[in-house]
Every structure is written in structure tokens, then in C-alpha cells.
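Taking it in order: structure first as C-alpha cells, then the write-up.
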Protein chains: 2
Amino acid sequence: MTDERRKFKREPAEARKEALILATLELVAENGVRGATVRGIAQRADVTQGLIRHYFSSKEELIIAAYEHHMNQMTDLTFAPGAAAGSARARLRAFVDGSLTPPVVDPRALALWASFLNKVQNDPQMKETHQRTYAYFRDRLEALIAAALEEAGHPAPAARLRQLAIACNAVIDGLWLEGGALPDAFAAGELVEIGRQSVAAITGLDLEQEAET
Amino acid sequence: MTDERRKFKREPAEARKEALILATLELVAENGVRGATVRGIAQRADVTQGLIRHYFSSKEELIIAAYEHHMNQMTDLTFAPGAAAGSARARLRAFVDGSLTPPVVDPRALALWASFLNKVQNDPQMKETHQRTYAYFRDRLEALIAAALEEAGHPAPAARLRQLAIACNAVIDGLWLEGGALPDAFAAGELVEIGRQSVAAITGLDLEQEAET
DNA sequence: GGAGAAATTATACACTTGCATAATTACGCG
DNA sequence: CGCGTAATTATGCAAGTGTATAATTTCTCC
């Protein structure tokens, strides 16, 4: 009974790593990558700074791990809702909804995106992650549009599909951006409504109505 | 003939200030706000660091001045092309074109926007500048859409106009973002073409054809 | 051309940063 | 229980940060 209180507790490696990554994302969202200091991250994770070096060989490595964690979470959140849907139109609609609803639309998610952008443009590994994620999004959207158009009896050539995907992706990105930048400027569901209408107008599809047979 | 070369040259205050602001914008675009160090800025402007303190009472003040300079330049570039156009439709088209053409669409402009975002959300003065600029953009776009719809004989109620402006603003912002993030992914004029088509599809206007009377 | 004032440089300081290394502590295993 | 290993803390360091202040240099005006 020398000292009832232990000075620290050992944690499984993966749990500690994730805790450090989550603390990193918090601070990056608040203060940017350079503002997320090793000491600040350690404090946010209730740990001393030396421990970070024990799990990540440098701050750079921790930042990259945090970025990939964040990107994976965003894609999961966007695509989870529509995975089970049946018709292509329903899946397209679910994609729009998922992209324009919290927690995808969120000031913190936007802040993270902006904070990482600089490093993404310079660091090759982060650039690769970014381009892969972006291509995944747009290819998936293009496939959804193609399927929905065929389903409706209005198939489109590849060149037009590309333009439609770029345009729909842009309107979703823009609404996502504005929803994150001005969270109080839009009523609940307003972004989804505008997003659906815009994608419908651009593609010529009707996303609102249920099955048409 | 003691020493033919002067050690420095005096410059008019406004010219020096602007040179410092331009150097600041360069470094902010490259390395973010925190990465734009006082010493780095001074070096980029071919000046010693003490001079910055002589023109700006703190780095914070220099950053704010640089941000406002950048925002003013962006609005000028966006609205200059359409100022003289006649019909509302032509002005709307000029707005889309100006927003989706270099130097508005540009990796550096995107990097600046992203780098400043964090500070914009926290600093009250920068937040005010941002909201004012954003409101100016969207109100102007909404007015253009309203005028073009009336011109075409299809006036719309205020609630619908708001949604159309949000949607068109979003598609323009999204294309601007993607053009800046992936400069090589789009052919010259492709963004303008997609932007025109999308705004046309959303509003129901025909932006391509010339006068219809 | 020389004095005065302002622009510019030079130097210094306290603080933060990322990283390294040594000293402790917890906890599974015999 | 106690021993060893790895997790965790503690301490230190060199480089970079913003800012303050003193020392120079340029240029205008008489």
C-alpha cells in the first residue's frame, strides 16, 4: 500500500495510437497543421509528449496517419447510407443525402480539409491519398449517374457522363463547403433539398418520386 | 566616391506596404499562415525583418491586411468582366465565366483560401471581411438570376430565387475548388462550359444563345 | 552641402518548437 | 512474489519564432 494511485496506465498500442490520432485531428481542425504542436496533442490525449515519439517516429508520420484516418472516415460516412438501396436512383439519392448531412457537412470537417490542403499539395504520400479518395468519389458518382440514366431509359455517352459527374460533384462539393463554412445559414434539410434538385436539374433525372413502374 | 553602392533604397510607404503584402500572400499560399514567418516574408520582399514592424504593428495586422487585399482582388477579378455587359443573361454568363477562368481559378487562390480559413473562423475582423465578401457574391448572383429570369419572362418568387442562388453559387464554388485543386484534370474552357451548362440546367435559362428577339 | 527626420538595418531576448535521450513506472510471467 | 521488458514520463537541447530596441543609412529641405 505504498501508493494507491498509479502515475499512469498502460494501454493497448492500437487504442493509444487512435487516441493520439483523434487528439491530432482535434488540434489540426482548431489550429491548423503547424498549430497542432506535439505538446498540445499530448496534452489533449492526456499523455506526455515523449509518448508520441514512441508510437510515431515523427510528427510528420502522425499527421499523415491522422489524415488517412480522417479520409477513410469521410468516405465511410458518405457511402454507408446508400449501400443497401435497390434502384440506381435510390442509391444516387442516398449519395447526395449522405454527402450533405452531418457529420459530413460540418465546420470541423471543412476546417480539417482546409488545414490539410497545403500538406496534401506538397507531401507525395498525402497527395496520393487525396487523389485516390477524390477519384473514388467521382468514379462512384459517375457510375451512379450512368446507372440511373440507363434505368430511366436515357443512357448517355461517356463524354457527357464525365461532364455530368463533374457538375454534380461540384454542386455537392460547393454545398458541402458552404454548409461547413456557414452552419447557421441553412435550415435543417435545406442543403439536401437543394442538392437533390440541382442534381436532378443537371442530369434530367427525377430523384424525388418513388418507383415509376 | 566613398562607396558607390547604397546599402538600401527608400521606397514610398504604400509601395513598401504592398510589396510586403504580396510577399506575405506568396508565403501564406506556400506554407500557410503559421508557415509564413516574419523572417521569410522579409526575405521574399528583399528587406530585413525589422522593417515589417515599422509598417505593421504586428504579424497579425500584416496577415489581416494581406487577407483583405486578396479578397478585394478576387472580387474585382470576378466582377470586372461583366460590368459592361448589356442583358442580364450576358451579365450572368460573364459572372460564370469570370469565376471559372484563371486567375480566379488557380491553385494559389485555392491555397490562400484554405490557409486563411482557420483564422477567418476565429478572428472577428477577418470573419467580418469574409462574411461581407460572401454575402456580396451571393446577393449579386441572386440579383443576376432574378433579372435574367424576368428578362426571359419567367420571374420566380423570393424563396425559389434564394434556392437557385445557393445552388448556382455552389456549383460555381465546387468547380472553382476542383479547378484549383486539380489544375491538370480539366481542359481549357472545360470548367466554363460545365459551369454554364449547370447554371442553365438549374435555372432553366439558356445561357449559350445570343439575343432571342 | 549639411542637419534633421524618417526609413531601414542590426542585434538581442524570451519563448515555443520538434526531437533525442535518460530515468521511471506498470504489468505479465515464471 | 519479484524480475524483466516495454510503456510512459522527465529532462534537455538546438533551431526557429515574434517582438522589442538600438544603431545606421538615405533623402529632403534650407
Side-chain angles (χ1 to χ4, degrees), chain A residues 1-24 26-28 30-67 115 118-119 122-123 126, chain B residues 1-24 27-28 30-67 115 118-119 122-123:
Chain A
M1 240 178 272
T2 54
D3 195 351
E4 199 56 30
R5 282 190 184 143
R6 287 161 300 191
K7 291 194 172 168
F8 60 86
K9 193 181 163 207
R10 289 188 165 187
E11 297 282 355
E14 286 313 306
R16 267 273 126 94
K17 272 193 166 187
E18 186 173 351
L20 289 173
I21 285 175
L22 294 181
T24 302
E26 281 185 35
L27 285 185
V28 168
E30 292 172 16
N31 307 323
V33 173
R34 277 186 155 91
T37 67
V38 171
R39 284 168 179 79
I41 294 168
Q43 185 176 7
R44 189 66 67 100
D46 272 315
V47 138
T48 54
Q49 53 155 326
L51 193 59
I52 289 181
R53 259 290 273 176
H54 190 258
Y55 285 108
F56 301 91
S57 70
S58 69
K59 178 188 172 181
E60 184 84 3
E61 191 180 305
L62 172 57
I63 293 293
I64 290 175
Y67 178 64
S115 296
N118 265 309
K119 249 181 182 316
N122 297 335
D123 182 282
M126 291 182 74
Chain B
M1 238 178 274
T2 53
D3 194 351
E4 198 57 28
R5 284 191 183 141
R6 287 161 301 192
K7 292 197 172 167
F8 59 87
K9 192 181 162 209
R10 288 188 166 190
E11 296 283 355
E14 286 313 306
R16 267 274 126 93
K17 272 193 166 187
E18 186 173 352
L20 289 172
I21 285 175
L22 293 181
T24 302
L27 286 184
V28 168
E30 291 172 16
N31 307 322
V33 172
R34 281 183 210 241
T37 68
V38 171
R39 284 167 180 79
I41 294 168
Q43 185 176 6
R44 190 66 66 99
D46 272 314
V47 137
T48 53
Q49 54 155 327
L51 194 59
I52 290 180
R53 260 290 273 180
H54 189 258
Y55 286 108
F56 300 93
S57 69
S58 69
K59 178 187 172 181
E60 183 84 5
E61 193 180 303
L62 171 57
I63 294 293
I64 291 175
Y67 178 64
S115 296
N118 264 309
K119 245 178 184 323
N122 296 334
D123 181 282

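Within every chain, numbering begins at 1; the chains are lettered A, B, ... in the order of the sequence lines, protein sequences first and strands thereafter.
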For atom CD of E11(B) and atom C1' of dA6(C), their distance in whole Å = 14 Å

Of T24(B), N118(B), I63(B), L27(B), the one forming a side-chain contact (heavy atoms from CB on, under 4.5 Å) with V33(B) is I63(B)

Rounded to whole Å, CG of L27(A) lies from P of dG18(C) at a distance of 11 Å

May I ask you to evaluate whether R34(B) reaches the phosphate of dT16(C), defined as a side-chain N or O under 4.0 Å from OP1 or OP2?
-> no

Between CZ on residue R16(A) and CD1 on residue I52(A), distance to nearest 0.5 Å = 11.0 Å

Calculate, to the nearest 0.5 Å, the distance between atoms CD1 and CD1 belonging to I41(A) and I21(A) respectively.
-> 10.5 Å

Evaluate whether atom CD of E61(A) has more than 12 neighbouring non-hydrogen atoms of other residues, nucleotides or ligands under 6.0 angstrom away.
-> yes

Measure the distance from CG on L62(B) to C1' on dG18(D) and round it to the nearest whole Å.
-> 12 Å

From R53(B) CZ over to L62(B) CG, what is the distance, rounded to the nearest 0.5 angstrom?
-> 12.5 Å

Intermediate values then yes/no, side chain to side chain contact (heavy atoms under 4.5 Å, CB included), R34(A) and N31(B) = CA-CA 9 Å; R34(A) 277 186 155 91; N31(B) 307 322; 3.9 Å; yes

Here the distance between atom P of dT8(C) and atom CD of Q43(B), to the nearest Å, is 18 Å

Set out, line by line, the N/O atom pairs under 3.5 Å between protein and nucleotides 26-28 of chain C.
| from | atom 1 | to | atom 2 | distance (Å) |
| --- | --- | --- | --- | --- |
| dA26(C) | OP1 | K7(A) | N | 2.7 |
| dA26(C) | N3 | R10(A) | NH2 | 2.8 |
| dC27(C) | OP2 | R6(A) | NH1 | 3.1 |

Rounded distance in Å - CD1 (I41(A)) to C1' (dT9(D)) | 18 Å

Nearest whole angstrom, please: distance from the C1' of dA7(D) to the CG of D46(A).
-> 16 Å

Rounded to the nearest 0.5 angstrom, the OG1-NZ distance for T37(A) and K59(A) is 7.0 Å

Hey, what do you get for CG (L20(A)) to CD (E11(A)), rounding to the nearest 0.5 Å?
-> 11.0 Å

In whole angstrom, give the distance that lies between atom CZ of R39(B) and atom C1' of dC13(C).
-> 11 Å

What parts of residues 48-60 of chain A reach DNA chain D, counting only heavy atoms under 4.0 Å away?
-> T48(A), Q49(A), G50(A), L51(A), H54(A), Y55(A)

For atom CZ of R16(A) and atom C1' of dT25(C), their distance in whole Å = 13 Å

Value for CE (M126(A)) from NZ (K119(A)), rounded to nearest 0.5 Å, stands at 7.0 Å

